Trainee: 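What follows is a structure written as structure tokens; I'll ask about it next.
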Amino acid sequence: MKILVINCGSSSLKYQLIDMDDESVIAKGLCERIGIAGSKLTHQPAGKDKVEIEKDMPTHQTAIELVMEALQDPGHGVIKNTDEISAIGHRVLHGGKVYSDSIIVNDDVKKVIRECFDLGPLHNPANLMGIEACEAAMPGKPNVAVWDTGFGMAMPEKAYMYAIPHEYYEKYSIRRYGFHGTSHMFVSGEAIKFGGLDPKNAKVIVCHLGNGASVSASIGGKCVDTSMGLTPLEGLIMGTRSGDIDPAVVQFICNKEGKDVNEVLNILNKKSGVLGMSGGVSSDFRDIEAAKKEGNHLAEVALEAFIYRVAKYIGAYTAAMNGVDAIAFTAGVGENDKVGRKAICSYLGYLGVKIDDEANDVRGKKAVISAADSKVKVMLIPTNEELAIARETLALVQ
Ligand code: AMP
């Protein structure tokens, strides 16, 4: 059975066609600059050369049409016709308070995605456009919504409620939701399998450390807490996002700089994190590390602060679960940066965490990186959100 996975951003569309018999990727690609001049489709069929198609894509609808043409092309295509595609799985950012489990899209589901435009202003409109474009291009095929907030919806009230007047939860659904849900679900599940842990009771902390970064705690694959909140701004220090700060900082900057709240939130989302802390060096952790090596003090502090906050969250989540069996690192930094992993774990000696330097000398593949006598298993588990979405889709349409 072949499943098409679609991940729509406001001006982009990523796709993968996955053969669920062996979970192999048959083709994948990216539409860029949708609705902007100079749009381009990059299509990569497995085992064949990459193709770049420059063509106007004024809407997500035209982007999907172009993707369907590429998939069926006699030269670089991988299927004869769309009958070969059994279902389409969509990453949808926000399901609000309504949805946690993945679901086959119908009019009610689309209504909720629309009602959550406020909560996911950049992503939910694009996600809905992607779904409607697939409905138009492949009438009658099941479309499945997989929520990025889904994993965090299992958090107990004490973890998801903000200490603000309750009326705002009632009126506007303001609570902590958590994001990167598909990644946390996938990596915690894989960590349990790979580490040979008890699937019902294993206490797992997943550190998703990429440009966006978040930590989750789960017991038996069920989320207990996660670091992002109402929006992906809360929690860890990220490439460009501040993570946790005293909200009074917003008011202070507004008053001092004559800016409004929206402008300051834009600064916290796009100009802060290691980019802001380093005095503008870069949002890319490799550049920050290089600057640190050249003696840039602000870059060194940014890196240390990033690592320190991850370690603090691990400590907090260990307390929340009264223990931890495994810690899994994933995403760009988590999968590639052995120095960063070791630095984070150096805070965790009190938990009996011991890293094996040789085992930690690994990139982008599943590995146990802790020593044999470490009290907690530390692992590298590459994330695969597309495969997680495809598995969720398969489970609903089979
Ligand atoms: P992601 O958002 O998961 O794609 O992660 C992207 C980030 O991973 C980039 O911004 C880099 O900062 C980071 N990254 C990738 N490779 C390395 C590496 N070898 N060392 C440190 N950071 C890395």
Side-chain angles (χ1 to χ4, degrees), residues 5 7 9 12 14 16 28-30 32 42 44 91 93 122-123 148 151 178-188 190-191 206-216 226-228 231-233 235-243 269-294 296 298-311 328-346 355 357 359-367 369 379-389:
V5 176
N7 183 354
S12 69
K14 284 190 242 166
Q16 280 196 9
K28 64 181 175 182
L30 167 69
E32 290 168 281
T42 309
Q44 172 72 73
R91 174 178 186 263
L93 184 83
L122 292 179
H123 293 87
D148 208 41
F151 187 72
F179 295 84
H180 292 143
T182 324
S183 176
H184 286 287
M185 174 182 72
F186 179 82
V187 174
S188 58
E190 292 293 305
V206 172
C207 304
H208 177 113
L209 310 179
N211 221 325
S214 61
V215 191
S216 71
T226 187
S227 60
M228 286 177 165
T231 76
L233 183 55
L236 298 179
I237 295 170
M238 310 181 207
T240 63
R241 287 174 236 163
S242 65
N269 268 304
K270 299 197 176 140
K271 295 183 175 161
S272 299
V274 292
L275 169 69
M277 282 188 85
S278 64
V281 169
S282 173
S283 62
D284 190 302
F285 284 85
R286 285 164 293 196
D287 298 337
I288 298 287
E289 262 168 38
K292 177 193 152 178
K293 278 192 190 130
E294 282 165 15
N296 184 321
L298 293 184
E300 183 178 2
V301 174
L303 215 49
E304 280 179 358
F306 167 76
I307 283 159
Y308 176 63
R309 194 168 303 171
V310 177
F329 288 99
T330 196
V333 181
E335 291 174 30
N336 292 297
D337 184 5
K338 63 178 177 182
V339 180
R341 290 192 298 260
K342 173 133 182 181
I344 292 164
C345 291
S346 70
I355 293 299
D357 286 337
N360 186 37
D361 192 8
V362 63
R363 288 175 74 153
K365 61 173 193 209
K366 268 189 218 170
I369 59 169
M379 295 178 226
L380 190 169
I381 306 280
T383 193
N384 191 338
E385 293 173 86
E386 288 76 16
L387 179 57
I389 292 169

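Worth saying up front: this structure is predicted, and the values here are computed from it rather than measured. Numbering of residues begins at 1 and proceeds along the displayed sequence. Both ligands and their constituent atoms are indexed starting at 1 by order of listing.
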Trainee: Under 4.0 Å from any heavy atom of Phe285, which atoms of ligand 1 are there?
Mentor: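 Answer for ligand 1: 11 (C), 12 (O), 22 (N).
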Trainee: In terms of residue, atom name and distance, what is the protein heavy atom nearest to atom 13 (C) of ligand 1?
Mentor: Val333 CG2, 3.6 Å
Trainee: Charged N to carboxylate O under 4.0 angstrom, Glu190 versus Lys366?
Mentor: yes
Trainee: So which of Thr240, Asp287, Asn211 gets nearest to atom 7 (C) of ligand 1, if we judge by its closest heavy atom?
Mentor: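 Among Thr240, Asp287, Asn211, the closest heavy atom to atom 7 (C) of ligand 1 belongs to Asn211.
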Trainee: Among protein heavy atoms, which sits nearest to atom 23 (C) of ligand 1, and what does the distance come to when rounded to 0.1 Å?
Mentor: Arg286 CG, 3.7 Å
Trainee: Using atom types as modelled and distance alone, determine if a side-chain donor or acceptor of Ser272 lies under 3.5 Å from a backbone N or O of Asn269.
Mentor: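 Side chain of Ser272 to backbone of Asn269: no pair is present.
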Trainee: Got the closest protein heavy atom to atom 11 (C) of ligand 1, with its distance?
Mentor: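 Protein heavy atom with the smallest distance to atom 11 (C) of ligand 1: Asp284 OD1, 3.3 Å.
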Trainee: Would Gly332 count as a polar contact of ligand 1, with the cut-off being nitrogen or oxygen pairs under 3.5 Å?
Mentor: yes
Trainee: For atom 19 (N) of ligand 1, which of the options Asn336, Ile288, Leu303 provides the nearest non-hydrogen atom?
Mentor: Asn336
Trainee: Which ligand 1 atoms are under 4.0 Å away from a heavy-atom of Asp337?
Mentor: 20 (N), 21 (C)
Trainee: Applying the side chain to side chain contact (heavy atoms under 4.5 Å, CB included) test to Phe186, which of Asn384, Val206, Thr330, Ile389 qualifies?
Mentor: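 Only one of Asn384, Val206, Thr330, Ile389 forms a side chain to side chain contact (heavy atoms under 4.5 Å, CB included) with Phe186, namely Asn384.
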Trainee: Please confirm whether Arg363 approaches ligand 1 to less than 4.0 Å, judged on its heavy atoms.
Mentor: yes
Trainee: Could you tell me whether atom 4 (O) of ligand 1 has a protein heavy atom closer than 4.0 Å?
Mentor: no
Trainee: What atoms of ligand 1 come within less than 4.0 Å of a heavy atom belonging to Gly210?
Mentor: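 Here the atoms of ligand 1 in question are 1 (P), 2 (O), 3 (O), 5 (O).
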Trainee: Considering only heavy atoms of Ala331, which atoms of ligand 1 have at least one such atom less than 4.0 Å away?
Mentor: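 With Ala331 as reference, the close atoms of ligand 1 come out as 3 (O).
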Trainee: Verify whether one side chain among Ser214 and His184 offers a donor that lies under 3.5 Å from an acceptor in the other.
Mentor: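 Yes, His184 and Ser214 have a side-chain donor paired with an acceptor closer than 3.5 Å.
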Trainee: Ignoring hydrogens and angles, tell me if any N or O in the side chain of Thr226 forms a donor-acceptor pair with the backbone of Phe179 under 3.5 Å.
Mentor: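 Here the side-chain-to-backbone pair does not exist.
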Trainee: Keeping the roles fixed (side chain from Arg309, backbone from Gly235), state whether a donor-acceptor pair exists under 3.5 Å.
Mentor: yes
Trainee: Begin from the C-alpha positions of Phe306 and Phe285 and carry the test ring-ring contact (aromatic ring centres under 6.0 Å, His included) through to its verdict.
Mentor: CA-CA 10 Å; Phe306 167 76; Phe285 284 85; 4.6 Å; yes
Trainee: Quick one: do the Thr383 and Ser183 side chains pair a donor with an acceptor below 3.5 Å?
Mentor: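 Checked: Thr383/Ser183 side chains pair up, N/O donor to acceptor below 3.5 Å.
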